[in-house]
Amino acid sequence: MTRLSSFTALPGALVKTLAFFRHNIGHAALAGILPGFAAIALTWQTGAVTNDSMANNWAFYLLAFAGWYAATTLSHAAMFRISLRGYPSGILGYSLGADELRLAASWALIFFLITVAAGIALVIYAALMAAVSIVSRETAGLAPEDPAATGNIPSLTEFYGITEWTLAIVLGVIFLVLLAGFAGRLLMAPAASIARRKVQALSVMVFTRKRGFAVVLGAILCFVPAGLLVQSAGFFAWQAFDVPVHQPALLFQDGVFAVSWVVYAPLAFVHGWLVTFLTVPLFAGFTTALYRAWGGDG
């Protein structure tokens, strides 16, 4: 059973997170500058690879994503230095050193581990649903098809009834909850990487044992309001300037970038800056508060 102390630490951590944001709002504004500029290219390329009328150029997209990832890592490191050490460093809070390299490696490992876990969960879920599909076809009086023999891949859900759909939903929710708990345990790794001055990923799971759901709940409470504000800003840009920076695929029409760069670039910058301004200090403050509340070293 999840430790009660894991959840009782949340109110205090949330209060400290808001206080951290309020006291360091100037540093948060500066920390969003580089990701804001990187968002201009990333939003453009995201629209290019998600619009059906465009020929996908994944090399350009990956280059834009790498630039945004690097800029966001610099931003995270800037805020973590303040939350964990109490002072900024570098130019406008930005620096390029061991902290940034540790943080980039830690985030890369987190994404990799979550992707692997999600892939394993998806394979197991698909296998279970395939078994349910076979049973549903037999219940309907049909023999299971052999795709190799018939050349046809049957729909898994074609003969699902209420029981099968209920089972599919329940199992899906269970797998999502387990994956969320696993991800929550890993989300303390960036704070631990800066505090301990070494790359953390799986090693932090000893520290976060039975605490993953508490991290996820706190993250939801922090980031859902921030996400709504970001979406509202994107919707405003769409309605006021006809530039849907929050839905990049709509930036292209008939294979052509359909908005003016003079209008697009500042709006994409503001949108990317706002994402970082709201989320990065909240993440740094929240995970640092929990790290200390749970007796983290460093």
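All values below were derived from every heavy atom in this structure, side-chain atoms included, with hydrogens, water molecules and symmetry-related copies excluded. The structure presented is a predicted model; accordingly, all values stated were derived computationally and were not measured.
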Partner residues of Arg85 under the salt bridge (charged side-chain N to carboxylate O under 4.0 Å, His left out) criterion, sequence neighbours left out: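 Partners of Arg85 under the salt bridge (charged side-chain N to carboxylate O under 4.0 Å, His left out) test: Asp99.
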Test item: [X] and [Y] side chains (from C-beta on) under 4.5 Å apart, heavy atoms:
{"X": "Trp44", "Y": "Pro248", "result": "no"}
{"X": "Asp242", "Y": "Val259", "result": "no"}
{"X": "His271", "Y": "Thr43", "result": "no"}
{"X": "Tyr61", "Y": "Leu42", "result": "yes"}
{"X": "Phe80", "Y": "Thr287", "result": "yes"}

Please tell me whether Phe286 and Phe20 form a close aromatic pair, meaning their ring centres lie under 6.0 Å apart.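 Judged by ring-centre distance (under 6.0 Å), Phe286 and Phe20 do not meet the cut-off.
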Before you tell me yes or no, could you show the steps for Phe37 and Trp273 under side chain to side chain contact (heavy atoms under 4.5 Å, CB included), namely the whole-Å CA-CA distance, both residues' side-chain angles and the distance that decides it to 0.1 Å? CA-CA 8 Å; Phe37 282 116; Trp273 173 85; over 6 Å; no
Same apolar cluster (I L V M F W Y, side chains within < 4.5 Å links), [X]/[Y]:
{"X": "Phe112", "Y": "Leu103", "result": "yes"}
{"X": "Tyr291", "Y": "Met79", "result": "no"}
{"X": "Phe182", "Y": "Leu176", "result": "no"}

Can you confirm whether more than 12 heavy atoms, excluding those of Leu228, are under 6.0 Å from its CG atom? yes
Can you confirm whether Phe111 is buried at CZ, in the sense that more than 12 heavy atoms of other residues, nucleotides or ligands lie under 6.0 Å from that atom?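 Enclosed: over 12 neighbouring heavy atoms sit under 6.0 Å from CZ of Phe111.
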Main-chain N/O of Pro35 paired to Thr72 side chain as donor or acceptor, under 3.5 Å: no
Determine whether a donor-acceptor pair (N or O, by modelled atom type, separation under 3.5 Å) exists between the side chain of Tyr125 and the backbone of Ala168.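 Confirmed, Tyr125 side chain pairs with Ala168 backbone.
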Set of residues satisfying side chain to side chain donor-acceptor pair (under 3.5 Å) with respect to [X], sequence neighbours excluded:
{"X": "Thr276", "result": "none"}
{"X": "Thr73", "result": "none"}
{"X": "Thr288", "result": "Ser83"}

Residues which pass side-chain contact (heavy atoms from CB on, under 4.5 Å) with Thr166, listed by chain and number, not counting sequence neighbours: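 Partners of Thr166 under the side-chain contact (heavy atoms from CB on, under 4.5 Å) test: Ile162, Val170.
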ring-ring contact (aromatic ring centres under 6.0 Å, His included) between Phe277 and Phe21, intermediate numbers included: CA-CA 9 Å; Phe277 171 71; Phe21 182 83; 5.3 Å; yes
Value for NZ (Lys210) from CZ (Arg185), rounded to nearest 0.5 Å, stands at 10.0 Å
If the plane angle is over 60° it's perpendicular, under 30° parallel, otherwise tilted; pick one for Tyr264 and Trp261. perpendicular
Where at least one partner belongs to residues 219-239, residue pairs that pass ring-ring contact (aromatic ring centres under 6.0 Å, His included), sequence neighbours excluded: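 Applying ring-ring contact (aromatic ring centres under 6.0 Å, His included) to every pair that reaches into residues 219-239, excluding sequence neighbours, yields Trp238-His246.
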Any side-chain donor paired with an acceptor under 3.5 Å for Arg102 and Ser193?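 No, Ser193 and Arg102 have no side-chain donor paired with an acceptor closer than 3.5 Å.
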